[in-house]
Colleague: 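Here's a structure for you.
In this text, all values refer to a predicted model and were calculated from it rather than measured experimentally. Just so it is clear: chains get the letters A, B, ... in the order the sequence lines come, proteins before strands, and each one is counted from 1.
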Amino acid sequence: MGDHRQLPENLRIARRSLEGIHTVSILDDWVWNENIYSWMLHCRLTAPDYTEHPFLPRMTDWYVAASSEYPLGSISFFPSKNNGISCTFQHQLNNSKAEDAVPWRWGSICLDLNVKVLGRLFAESEPFSVENRLVWYFYRALNWLKAASRGDFTKPGEPFELPDFATKKENVLAFSESASSFALWMESNEKAGIVKFVKIKNTNTHVVTSFENRMGRHILSLDWGNVMSRQENEYAKGLWISLSQMPVLEPWQPPSTLGELIDALKVQDIDFYETIKSVTSEIRDGARHFLLLGFPIPSKYGEESIRLHWQAILLPQLSSGSKTMDGFRPNETGRFLRDKTKIIYRDLKLDWISSENWNKEQVSRRGKFPDSLSMKRVLIIGCGAVGSLIAEMLVRGNVNHLVLMDGEQLEVGNLVRHTLELSDIRKSKVQQLAWRLNSINPNAKINAIVGDFPPTAKDEIEVIRRCDLILDCTGDDEVLLSLPQFSWGGEKLMTSINLNYGASKAFIFTYRGESFPVQQYLHKIRPHLEKIDQVDELPSDGIGCWHPTFPARADDVWLLMAACVKYVLNSVEKPFSAETCRFAIFEQVLENGDFVGIRKTE
Amino acid sequence: MEIPSYFNDFLSAIRPNQNEADDYKRGYKTLIKRLWEDELLNKIILSTFLQGSYRRATAITASSGKRADVDVVVVTRLKEEDYTPQQAMNVFVPFLEKYYSGKYEFNCRSIKIKLTYVEIDLVITSAPSESESGILESDSVRSEITPEEDSDWVLMKSWMEPGKRQIYKSYNFLNERRKLTGWQTSPLRIPDRDLKLWESTHPLAQIEWTWDKNRNTNGHYVNVVKAIKWWRRENHSRIKYPKGYPLEHMIGDNLPDGVNSVAKGVTLSLENIVSAYQVHALLHQVPFLSDRGVPSHNVLARLSADDFVVFYESICEAAKIARTALDAEDLETSVCEWQKLFGTKKFPSHPSQSSSTGGYTKREEVTQIPPGRFA
């Protein structure tokens, strides 16, 4: 760790590297600050290629924070209270806070590699050498000043970024907005109303479920996955106001007090108090409620807005019960007046809440299957190692409609390669799996049918017939023989997936048609099935329990199942002709006993 | 180039380190504690205080192998009418025998105590008059604060240590001092054994002068002194004298007020010394530099003319190098020139020069990681 009062040699070297840069001058040498556990360098920067800017002088003072572990550790640039930036720009944390006993404001500027407009300097990645790392940050800071003064952050084509509302991160407000819901909002004339939420149990997440207008008339309901309709969830309501643009104080600072917000709304011809007056009666129950501000945002600056963004504020408790304005009766008028003076008054500090778009496309941006697969209704028969894994990969990849079928309970021995956990033991595999998958994806609608294929109940049969992609993940002979006997009600993509003993191979058979061709299947797979002679080699689940199972480790199963999922995707994207079948084997390849890859044979 | 970064690190390296500071403080504190506890002595002692380059923040770290050297003044009530110089010093013998037997020796004007970790120069003095006893006993005189610390220290009876001040009251000692004129104390009388006379000495005036000069030069005076002292030490084989206080005094006389960097301060001091004493050097004469508090004394009294001329010639060379270094417009040249003056051990090197500072090596290949790795 090092003695914090002794200036590390590496910081001296780093500071000397700044000598000779004419746009940087050091005002005070490194001083240790216990508050943020960093060394602070007080310096002055001159913006290169400066363009006159109302909020940015040509020379600004900064406090640069570095860790004792330099060149490792973080480096941050904080604006000095004296002679520094006092407002907030794009690519900067909220700079409104300045009350503490330190000489800087907390709006540090964003200098990391993601901010492309700062250019590529010193090769493509951040240098970690003692001499160069600090200098690299200073060059980027100078570029930041240049870009800020010239307005480069908002020039057409630059990706749009929401301002830093400086929320406390524990609470999340999730909504779902897209281009299509945007069209709906633009058509509607409603300006304010009630919004309803679901609070997911064991979380601090509130999810928007529906919007109503002032009169209580329904405007829009959101189509979420099964997790939102669980019995254990709590319900809440709040207020919403629609704005024509984001309320910011120039250049990019969210209002920190209600007064600033009121003024920002006035610019848009919205009278805050008048607008909410009609709906405040709905939230007088002594609890705190959300106020959602909706405004359109583009994807890039200079382009048309593509969707609505909702930003939440947690309001204080509004007057209720006997609490009313002095001299007034305890009715809506009296209570509203009291609110206006004592509760939601101009100087109130706004409690912004972290707000996110959980729309299907948004939430799965980092990795989703194309629509050709994600729009399918998938049936997975058998939720053991194979079924549970395939189900999870599909659900995480934005496939939201799954029906799972299995009659068994989870045993502890399954856990070596199953996706469930200890708390699921001796419970229905399929019900626990459906619960888990619904908890993974807010848009997932996973249904569970407890029992072995074929189903007997009428509603179960209906549900199954509505599926278009059928995956048999049982490896069970009875199921295999039942598949062609079931009346599927139309053309399906039928698939059967198995592992061999030891999971060194996976077999995947697909067929497009109205039934499952067992004979063709057996014809294809028979030559590859290995005989297992020694019955007592089969591991069992303990003394007194002869329940044969097959050996297969998680890394083997997951490796092969990932390959199978890709094969399924392939089959869906490039449909082959109907009434034909395809059969492939994925096999682990070993060289001298070492794993070198997977090979596919068709 | 002024390269303040490089000078900051150079000065950090040549300042007395923490161990030295601990040593000299321990030596000083132990001695004065014992003096004040001594039954015989505490009746005649009026005040004790730290003097010398540690007090004035003009000390550079001791040469390797050498101990810290600390100067302590004891102001006594012994009247020069009643005691000869030798008698005055003898009063302390029982004390010295008790605590420092075999470790002390009498010099002509002080008592040298040699301990393993520190050397103490103990100066016995006599207060000029009873009327000054107030200020001599005050916080201001006895404080250990140096001009390098951010402090409003002034030589005034009313000055208080920060710990004793009331929180809600505001103090403006600097202003009060400005209103007073002249030295607040008179020179102390010091016994000279060899000359068998009492002479005058004014360490407090030197201290006060240093504080004022430092304030007038944006805090750079004490650093310029340290830097030039270091230069002399790097060249000590050629330049034996002047060193220590006389050198410091000369710099003080020749450093212009208002300098805003150590680099500039060093250059201008050297250049001013060159022009101020050019005639003296030509005439093979030692200049007269008046002691701050005792103007009739020449600080350079013990300097020989030969030594002075050698010194002067070195200063001329140094001034030229300093000017080149200061005026250089590229970093590498400037650093190189400054290193000609100050050596390469303590003055940091430019990164392109190989492995002369800190032991770090350039590891560009390892520290530049190409992008494309994710998890």
Colleague: Quick check on B:Ile3 against chain A: is it the side chain, the backbone, both or neither that has a heavy atom closer than 4.5 Å?
Modeller: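 Answer is both: backbone and side chain atoms of B:Ile3 are under 4.5 Å from chain A.
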Colleague: With the side chain counted from C-beta on, respond yes when B:Asp9 and A:Arg15 share a heavy-atom pair under 4.5 Å apart, and no when they do not.
Modeller: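 In short, these two side chains touch, coming nearer than 4.5 Å.
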Colleague: Any chance CH2 of A:Trp558 has more than 12 other-residue heavy atoms, nucleotides or ligands included, within less than 6.0 Å?
Modeller: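 Not more than 12 within 6.0 Å, no.
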Colleague: For B:Glu329, look at atom CD and say whether over 12 heavy atoms of other residues, nucleotides or ligands are found less than 6.0 Å away.
Modeller: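 No, the 6.0 Å shell around CD holds no more than 12 heavy atoms from other groups.
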Colleague: Decide if atom CG of B:Asp150 counts as having more than 12 heavy atoms of other residues, nucleotides or ligands within a radius under 6.0 Å.
Modeller: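 Atom CG in B:Asp150 is not crowded, with 12 or fewer foreign heavy atoms closer than 6.0 Å.
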Colleague: Looking at B:Lys66, I'd like to know if its NZ atom is crowded, meaning that more than 12 non-hydrogen atoms belonging to other residues, nucleotides or ligands lie closer than 6.0 Å.
Modeller: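 Count not over threshold, so no.
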Colleague: A quick test of your reading: do over 12 heavy atoms of other residues, nucleotides or ligands sit less than 6.0 Å from NZ of B:Lys229?
Modeller: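 Yes, the 6.0 Å shell around NZ holds more than 12 heavy atoms from other groups.
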Colleague: Report, in residue-number order, which members of residues 19-30 of chain A are under 4.5 Å from chain B by heavy-atom distance.
Modeller: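 A:Glu19, A:Gly20, A:Ile26, A:Asp29, listed by number.
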Colleague: Take atom CZ in A:Arg58; do more than 12 heavy atoms of anything else shown fall under 6.0 Å from it?
Modeller: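 Result for CZ/A:Arg58: open.
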Colleague: Side chain, backbone, both or neither: which part of B:Ser334 has an atom under 4.5 Å from a heavy atom of chain A?
Modeller: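 Neither part, no heavy atoms under 4.5 Å.
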Colleague: Which one of B:Pro348, B:Ser349, B:Pro4 satisfies the side-chain contact (heavy atoms from CB on, under 4.5 Å) criterion with A:Arg16?
Modeller: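 Result: among B:Pro348, B:Ser349, B:Pro4, B:Pro348 is the only option passing the side-chain contact (heavy atoms from CB on, under 4.5 Å) with A:Arg16.
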Colleague: Working to the nearest 0.5 Å, report the span between CD1 of A:Ile13 and OG of B:Ser5.
Modeller: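 These two atoms lie 11.5 Å from each other.
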